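Note sheet for the following structure.
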Amino acid sequence: MVAMEILLCVENYDLAATLDSGQAFRWQKENDSWVGIIGKHWVRLTQTPDGIRAVTAAPVADWNFLREFLQTEIDLAAVLKTFPDDEPMRAAVAACPGLRLLKQDPWECLASFILSSTKQIVQIRQIIALLCERFGERLAPQPPISSGFFYAFPTPEKIARLTEAELRACKMGFRAPNLLAAARQIAEGKFDLEKIRRLDYAEARAELMKLRGVGGKIADCVLLFAYGFDSAFPVDVWIERALQQLYFPRRRASEPRLRLFAATHFGPHAGYAQQYLFHYMRTKLN
DNA sequence: GCCCAGGTGAAGC
DNA sequence: GCTTCACATGGG
């Protein structure tokens with residue numbers, strides 16, 4: 001039914017933690033709600049006792065874009081059961097039992113994580129906000145009951161036509177040429193983001209790593225947050241610290257060694273486990 | 001000023 | 001294989 005509002009019934013879904021856990025960078029808290037853009041849809045999300053209430057700025061005929069993005073159909077309890085039964089995982093899950101993985105647009109996710117390297121999450125948000133304001137499509141009509149304007153994430157074609165200087169002006173520093181090169185390859189049809197879906201995990205990872213500025217960590221983020229490869233296990237400074245402290249407290253393990261451990265220890269949904277550990281490390285007091 | 005941030009790539013052993 | 005370094009920029 002065409003409507004501007006829907007209630008997605010879902011249990012065990014921590015909306016705030018999910019939208020604010022460093023997998024997506026464009027969601028803003030407004031009072032008790034979260035406002036963001038999915039594709040060209042302006043959306044306001046609110047956690048309710050029954051699930052998640054969504055309000056849009058324009059009538060929507062097919063709400064699957066939202067179910068897909070939020071991954072509300074995932075049986076989280078079944079995923080959690082596959083986690084190893086050890087003390088660190090128990091603590092990480094207990095700290096935030098409704099944490100979920102989103103399924104984002106591949107280009108937005110890839111571009112965002114190209115911009116993420118050696119940046120704090122707050123700053124990644126600032127860079128992406130600037131990029132969208134300057135080069136993203138202005139979304140009309142202006143959304144109700146909300147402040148400011150909203151923009152779509154700029155397309156590869158749009159970014160491909162920019163200069164490196166215009167990108168650097170968005171404070172992205174040495175990441176600018178990497179984003180520009182990726183956008184140009186995609187816009188010119190030399191790199192196919194859709195093809196990634198048809199590859200297995202190892203092939204898909206290798207394919208993404210052909211892009212300048214995309215190493216194993218960023219490739220894993222994109223595979224996990226946009227393509228749904230649950231086995232992808234991004235190892236960043238936080239996760240490296242977590243694995244080192246929680247699983248190898250006495251001896252130092254190299255990054256390849258940690259990746260090997262992660263691939264075998266956390267099971268088929270290692271990526272979910274990774275998100276719990278990441279959130280746990282970033283939120284716990286110590 | 002100093003150190004660090006959801007890293008990567010190149011260069012050195 | 002492992003270690004070190006440059007790379008922009010801003011926050012604590």
Side-chain angles (χ1 to χ4, degrees), chain A residues 17-27 92 95-96 99-102 104 106 108-131 134 162-183 185 191 205-227 229-230 232-246 248 251-262 266 270-286:
Chain A
T18 300
L19 294 177
D20 200 27
S21 61
Q23 45 181 325
F25 301 100
R26 296 239 284 150
W27 289 87
C96 192
L99 181 62
R100 303 273 187 144
L101 288 178
L102 302 167
Q104 305 176 56
E108 176 168 345
C109 190
L110 172 65
S112 298
F113 278 96
I114 284 177
L115 299 177
S116 76
S117 70
T118 52
K119 274 290 178 195
Q120 295 183 139
I121 290 177
V122 204
Q123 296 173 354
I124 301 168
R125 285 206 192 94
Q126 289 171 357
I127 294 170
I128 291 172
L130 262 179
L131 184 70
R134 293 188 181 173
L162 301 175
T163 63
E164 186 180 315
E166 287 174 300
L167 290 176
R168 279 183 186 263
C170 297
K171 320 270 189 196
M172 61 182 74
F174 63 84
R175 304 157 195 82
N178 296 337
L179 179 64
L180 186 56
Q185 285 195 61
F191 193 94
R205 190 170 192 263
E207 189 65 20
L208 284 170
M209 287 175 69
K210 288 179 183 170
L211 295 168
R212 198 69 195 173
V214 178
K217 188 269 169 183
I218 291 178
D220 278 336
C221 284
V222 178
L223 291 174
L224 183 62
F225 301 143
Y227 289 103
F229 283 90
D230 276 15
F233 192 98
V235 178
D236 72 324
V237 288
W238 289 95
I239 290 297
E240 193 168 347
R241 218 172 283 155
L243 296 181
Q244 193 72 62
Q245 286 175 15
L246 302 173
F248 300 91
R251 53 188 196 275
R252 251 193 89 261
S254 66
E255 199 252 321
R257 181 73 194 80
L258 290 177
R259 273 201 64 227
L260 185 63
F261 170 75
F266 294 103
Y272 271 88
Q274 178 274 159
Q275 196 63 15
Y276 278 88
L277 289 172
F278 180 75
H279 192 265
Y280 178 53
M281 288 300 284
R282 284 179 46 81
T283 53
K284 74 171 177 173
L285 311 166
N286 69 351

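Just so you know, these numbers come straight off a predicted model, no measurement behind them. Naming: A, B, ... by sequence-line order, numbering from 1 per chain.
Backbone-only contact: A/Lys171 has heavy atoms under 4.0 Å from sugar-phosphate atoms and none from a base. Looking at heavy-atom distances under 4.0 Å, A/Ser112 makes no contact with the nucleic acid at all. At a threshold of 4.0 angstrom between heavy atoms, the contacts of A/Leu211 are confined to the sugar-phosphate backbone, with no base atom among them. Counting non-hydrogen atoms under 4.0 angstrom, A/Phe25 reaches nothing in the nucleic acid. A/Gly22 comes within 4.0 angstrom of a nucleotide base, judged by non-hydrogen atoms across all strands. At the heavy-atom level, A/Ile127 lies nowhere under 4.0 Å from the strands shown.
Stacking between A/Trp238 and B/dG6 is absent: the ring centroid is not both under 5.5 Å from the six-membered base ring centre and under 30° in plane angle.
An OP1 or OP2 oxygen of B/dG6 is reached within less than 4.0 angstrom by a side-chain nitrogen or oxygen of A/Arg282. Listed pair A/Lys119 / B/dG7 fails the phosphate criterion, with no side-chain N or O lying under 4.0 Å from OP1 or OP2. Listed pair A/Arg241 / B/dA5 meets the phosphate criterion, a side-chain N or O lying under 4.0 Å from OP1 or OP2.
For A/Gln126 against C/dG11, no side-chain N or O and base N or O form a donor-acceptor pair under 3.5 Å.
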Mind listing the N/O atom pairs, protein and nucleotides 1-7 of chain C, below 3.5 Å?
unit_1	atom_1	unit_2	atom_2	d
C/dC2	OP1	A/Ser254	OG	3.1

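For the pair A/Met209 CE and B/dT8 C1', the computed distance is 9 Å after rounding to whole Å.
You'll find that the side chain of A/Ile218 is closest to B/dG7, out of B/dG7, B/dG6, C/dG10.
Ring centroids of A/Tyr272 and A/Phe266 are separated by 6.0 Å or more, keeping the two rings apart.
Across the P atoms, C/dC5 and B/dG6 are found 22 Å apart, a figure rounded to whole Å.
Residues A/Arg212 and A/Gln274 each lie close to DNA chain B; by heavy-atom proximity, the contact nearer the 5' end of the strand is made by A/Gln274.
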